[in-house]
Amino acid sequence: MNSQLNLLDRCRIVDLPRIMDPRGNLTFIEAGGHVPFDIRRVYYLYDVPGGASRGGHAHKELSQLMIAMSGSFDVILDDGLTSKRVHLNRSYYGLYICPMVWRELDNFSSGSVCLVLASNHYSESDYYREYADYKAARGLGV
Ligand code: TYD
């Protein structure tokens with residue numbers, strides 16, 4: 001692993017298509033089109049209590065796209081070198097997170113829903129759950 005690689009530059013907002021309609025707007029996501037990986041799993045976070053935070057881990061190989069389907073929340077991305085906070089509050093923006101990026105989610109608004117499209121099935125062995133382990137794997141020491 002090249003420790004100097006800035007992984008946060010690879011994480012980006014994906015502008016999803018919008019069909020505007022006075023009856024209500026529509027957004028769609030097509031495999032192979034809007035997401036820079038093959039989607040193998042979909043999950044969502046909901047009923048998040050006020051003040052709670054989620055995440056607090058990195059994935060070894062998993063790519064993800066996060067969307068605020070309802071309400072809003074923040075995603076803090078950290079590659080061991082730098083970190084940045086991304087506020088998601090629109091259902092037509094997806095945040096692409098590449099592998100090996102530490103993330104935390106907080107500042108959930110009441111009733112918010114976080115949809116996650118993922119490149120693989122759930123596997124606990126794909127996680128770094130200790131920040132020190134993650135930094136070591138990035139070759140950045142503790
Ligand atoms: P985790 O990925 O740590 O959640 P978050 O990053 O949103 O805080 O997962 C929380 C728990 O749910 C953990 O015990 C693993 C389980 N889980 C599954 O069984 N399948 C899944 O697809 C996901 C994402 C989690």
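Whatever order the structure lists ligands and atoms in, that order sets their numbers, starting from 1.
Checking atom 22 (O) of ligand 1 against the protein gives a heavy-atom contact under 4.0 Å. Taking a distance limit of 4.0 Å, we find that atom 11 (C) of ligand 1 is approached by no protein heavy atom.
Counting heavy atoms under 4.0 Å from ligand 1, residue Arg41 touches it through the side chain alone.
More than 12 heavy-atom neighbours from other residues, nucleotides or ligands sit within 6.0 angstrom of CG on Asp15. Residue Tyr44 places its OH atom among 12 or fewer non-hydrogen atoms of other residues, nucleotides or ligands, all under 6.0 Å distant.
At least one N/O-N/O distance between His57 and ligand 1 falls below 3.5 Å. Any N or O atom pair closer than 3.5 Å counts here, and Gly55 shares at least one such pair with ligand 1. Note: no N/O pair closer than 3.5 Å links Tyr43 and ligand 1 by distance alone.
Near Tyr127, meaning under 4.0 Å from any of its heavy atoms, are these atoms of ligand 1: 1 (P), 2 (O). For ligand 1, the atoms closer than 4.0 angstrom to any heavy atom of Leu45 are 7 (O).
Applying side-chain contact (heavy atoms from CB on, under 4.5 Å) to Phe73 and the options Val48, Leu45, Val86, Leu105 leaves one that passes, Leu105.
From the protein, the heavy atom lying nearest to atom 14 (O) of ligand 1 is Tyr122 OH, 4.6 Å. Among all protein heavy atoms, the one lying closest to atom 3 (O) of ligand 1 is Arg129 NH1, 2.9 Å. Atom 4 (O) of ligand 1 has as its closest protein heavy atom Arg54 NH2, 3.2 Å.
Between Tyr92 and Asn25, the side chains place no donor N or O within less than 3.5 Å of an acceptor N or O (distance only, hydrogens not considered).
A perpendicular orientation is assigned to the rings of Phe28 and His34, their planes being inclined by more than 60° (bins at 30° and 60°).
Between Val101 and Arg10 the shortest side-chain heavy-atom distance does not fall below 4.5 Å.
Residue pairs meeting the side-chain hydrogen bond (donor to acceptor under 3.5 Å, both in side chains) criterion with at least one member in residues 65-74, sequence neighbours excluded, are Asp74-Arg85, Asp74-His87, Asp74-Asn107.
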- Would Tyr134 and Asp78 satisfy side chain to side chain donor-acceptor pair (under 3.5 Å), going step by step from the backbone distance to the final call? CA-CA 11 Å; Tyr134 164 70; Asp78 181 335; 5.3 Å; no
